[in-house]
Peer 1: 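First the structure, which I've put down as structure tokens, then a few questions once you've had a look.
Just so you know, these numbers use all the heavy atoms, side chains as well, and skip hydrogens, waters and symmetry mates. Note that the structure is predicted; figures quoted are calculated from it, not measured.
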Amino acid sequence: MSDLAPASIDIWPVPARPALEMIAPKLRPGGVVLIDNTEGHRKNYRDAFAFIEDPANGLLAQTLPFRAGLEMVIKR
């Protein structure tokens with residue numbers, strides 16, 4: 001699997017980071033990952049956000065205004 005464009009993470013918060021670690025290297029520039037319920041469970045997603053916010057991973061994120069939050073993560 002290579003050059004992913006869209007991906008969705010709709011799992012429990014704890015495995016969200018390992019899922020991102022597997023997906024991010026295969027995500028093409030401009031590719032998007034959507035993560036559900038990020039505002040409703042923000043504290044539980046802290047490991048995933050630490051990965052997203054690490055500049056070495058080349059990701060940008062924006063929380064979309066859906067109930068409980070929907071994170072749109074884009075590969076730079």
Peer 1: Hydrophobic cluster mates of Ile74, side-chain heavy atoms under 4.5 angstrom, ILVMFWY only, any path?
Peer 2: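 ILVMFWY cluster around Ile74 also holds Val32, Leu34, Leu64, Phe66, Leu70, Met72.
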Peer 1: Minimum heavy-atom separation for Thr38 to Phe49, with atom names?
Peer 2: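 Between these two residues, the closest heavy atoms are CB-CZ, 3.9 Å.
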Peer 1: Does some side-chain heavy atom of Val73 sit less than 4.5 Å from a side-chain heavy atom of Ile9?
Peer 2: no
Peer 1: So do the side chains of Val33 and Leu59 get within less than 4.5 Å of each other, counting heavy atoms only?
Peer 2: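 Side-chain contact under 4.5 Å: no.
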Peer 1: By side chain to side chain contact (heavy atoms under 4.5 Å, CB included), which residues pair with Arg76, not counting sequence neighbours?
Peer 2: Leu60
Peer 1: Keeping to residues at least two apart or across chains, list the salt bridge (Lys or Arg N to Asp or Glu O under 4.0 Å) pairs with something in residues 56-65.
Peer 2: none
Peer 1: Going by atom type alone, with no hydrogens or angles, which donor-acceptor pairs under 3.5 Å involve a side-chain atom of residues 10-21 and a protein atom two or more places apart or on another chain?
Peer 2:
| residue | atom | partner | partner atom | Å |
| --- | --- | --- | --- | --- |
| Arg17 | NE | Glu21 | OE2 | 2.8 |
| Arg17 | NH1 | Asp47 | O | 3.3 |

Peer 1: Among residues two or more places apart or on two chains, list those pairs meeting side chain to side chain donor-acceptor pair (under 3.5 Å) that have a residue in residues 52-64.
Peer 2: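 Every pair satisfying side chain to side chain donor-acceptor pair (under 3.5 Å) with a residue in residues 52-64: Thr63-Glu71.
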Peer 1: Please enumerate all residues that pass side-chain hydrogen bond (donor to acceptor under 3.5 Å, both in side chains) together with Arg42, with sequence neighbours excluded.
Peer 2: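 Arg42: side-chain hydrogen bond (donor to acceptor under 3.5 Å, both in side chains) contacts with Glu39.
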